[in-house]
Amino acid sequence: MEAILLVGGQGTRLRPLTISTPKPMLPVAGFPCTSHQIALAASAGIDRIVLGTSYRAEVFEEYFSGQDLGVEIRYAVESEPLGTGGAIRNAAEQLTCGPDDPVVIFNGDVLTGLDISDLVSKWREARADVALYLTRVEDPRAYGLVPTDAAGRVLEFKEKPTTPEEIVTDQINAGCYVFKRSVIDRIPAGQVVSVERETFPELLSTGATVIGVVDDGYWLDLGTPLAFAQGSADLVRGIAPSPLLAGRTGDAVIHDSAVVHDTAIVSGGTYVGAHVVIGENAIVDASVIYDGVTIGSGARVVRSIVSTNASIGSQSSITDTVIAENASLGAHNELNFGARVFPGAEISDSAIRFSSDR
Ligand code: GDD
Ligand code: MG
């Protein structure tokens, strides 16, 4: 079985982490989201995956080349982003399956333990053109709303509703589909198409069989820094399933080469990368600490992302904060609530006491 992974978005909401690394390649619990997805796909019997890339396409090829992932990887690079539908159409040029075969499609920033084989079976049983994986969320406004009838037929597709009247369901598009190959081939080639705003509504208006399959298992869109830290912590604690972490989950995953002082507390699903140094009495909770980071004594890091080779000075405290690569935060600083420090920035000792609710 073949799959397409959509990994060409800009990851704007995760800036500045996505300046150098595309969102699907940012490590969550030590592996890029794309690796977790490839492993999930492989475990469902998918043996060939086309990555639809655009933004920073080279990063994917550099990372995956020469790795034995148990699946064949192909790249479909868009010189200008073609949108989700255009990207699917472009990637389909490299599929080898027949017109009636199923093709599994994934958004590249979705963390899930979805039973892909079950979604394919439901698609087959319903003789559907498209089967969509749906999940339920409390606040659906940031997603694509997908109401279904009692038999599971999709009634409407409403991407990112703006008025209260448009919020007709708590079922949302969870970012994984099974398409009949011939349906993909009907998407216009070489132009920008949104699968959510154009292809799905068009399929419904032409009477195609589009079914929704609600699955209440683990699901998270890694679109924002808070969600990103949460997803990593969930993987580390085994709340989010991934074949890559099987047997290694716990309160923290710490790379063998990291040096953590005996008195430091590292918990809440924190991931600590290679060559990290964590000082005396530091507290690191529910955070993502990339390779080469230094965290000083008495520092406090909560629900934050500290990127490669950055440093946090002693007695500094950061909560819900992103520190980009090579940035250095001096001692006795305090950053909260969505603060973002850009790559290479240097903040001196006792310079910032930042609190904002934005
Ligand atoms: N190749 C390529 N080209 N990929 C793209 C492009 C493009 O032009 N635009 C977006 N993508 C990829 C992104 O990298 C991401 O993996 C995926 O398509 C979805 O884009 P996002 O930017 O993350 O969309 P979203 O999170 O706002 O909404 C989408 O996902 C939700 C679930 O997570 C929609 O599909 C919603 O309907 C859905 O509910
Ligand atoms: Mg997304």
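The structure displayed is predicted, hence computed values, not measured ones. Counting starts at 1 for both ligands and their atoms, in listed order. Residue indices begin at 1 and follow the sequence shown.
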Practice prompt. Tell me which N, O or S atom of Asp221 sits nearest to the Mg ion (ligand 2).
Written response: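 Restricting Asp221 to its N, O and S atoms, the minimum distance to the Mg ion (ligand 2) goes to OD2.
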Worksheet item: In Asp109, which N, O or S atom comes closest to the Mg ion (ligand 2)?
Response: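 The Asp109 atom nearest to the Mg ion (ligand 2), restricting to N, O or S, is OD2.
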Worksheet item: Where is the tightest heavy-atom contact between Val154 and Gly212, given as atom of each residue plus distance?
Response: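 Between these two residues, the closest heavy atoms are CG2-N, 3.6 Å.
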Worksheet entry | Closest contact, heavy atoms only, Gly231 versus Val28 |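 Gly231 and Val28 have their closest heavy atoms at C-CG1, 4.5 Å.
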Worksheet item: Parallel, tilted or perpendicular: which describes the rings of Phe31 and His36, with under 30° parallel and over 60° perpendicular?
Response: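 Ring orientation of Phe31 relative to His36: perpendicular.
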Item to complete: Determine the interplanar angle of the Phe200 and Tyr177 rings, folded into 0 to 90°, and report it as parallel if under 30°, tilted if 30 to 60°, perpendicular if over 60°.
Response: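 Rings of Phe200 and Tyr177: perpendicular, over 60°.
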Worksheet item: For ligand 1, what is the set of protein residues having any non-hydrogen atom at a distance below 4.0 Å?
Response: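 Within the 4.0 Å shell of ligand 1, which is judged on heavy atoms, sit Leu6, Val7, Gly8, Gly9, Arg13, Lys23, Gly52, Glu78, Pro81, Leu82, Gly83, Thr84, Ala87, Asn107, Gly108, Asp109, Val110, Tyr143, Gly144, Glu159, Lys160, Asn173, Tyr177, Glu196, Trp219, Asp221.
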Discussion item. Can a side-chain donor-acceptor contact be found between Thr206 and Glu202 if the only test is distance below 3.5 angstrom?
Written reply: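 No, Thr206 and Glu202 have no side-chain donor paired with an acceptor closer than 3.5 Å.
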Fill in: Test item: side-chain donor near acceptor, Asp285 and Ser267, under 3.5 Å
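On atom types as modelled, these side chains qualify, holding a pair under 3.5 Å.
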Item to complete: Identify whether the distance between the nearest side-chain nitrogen and carboxylate oxygen of Arg181 and Asp101 falls below 4.0 Å.
Response: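 Salt bridge: no.
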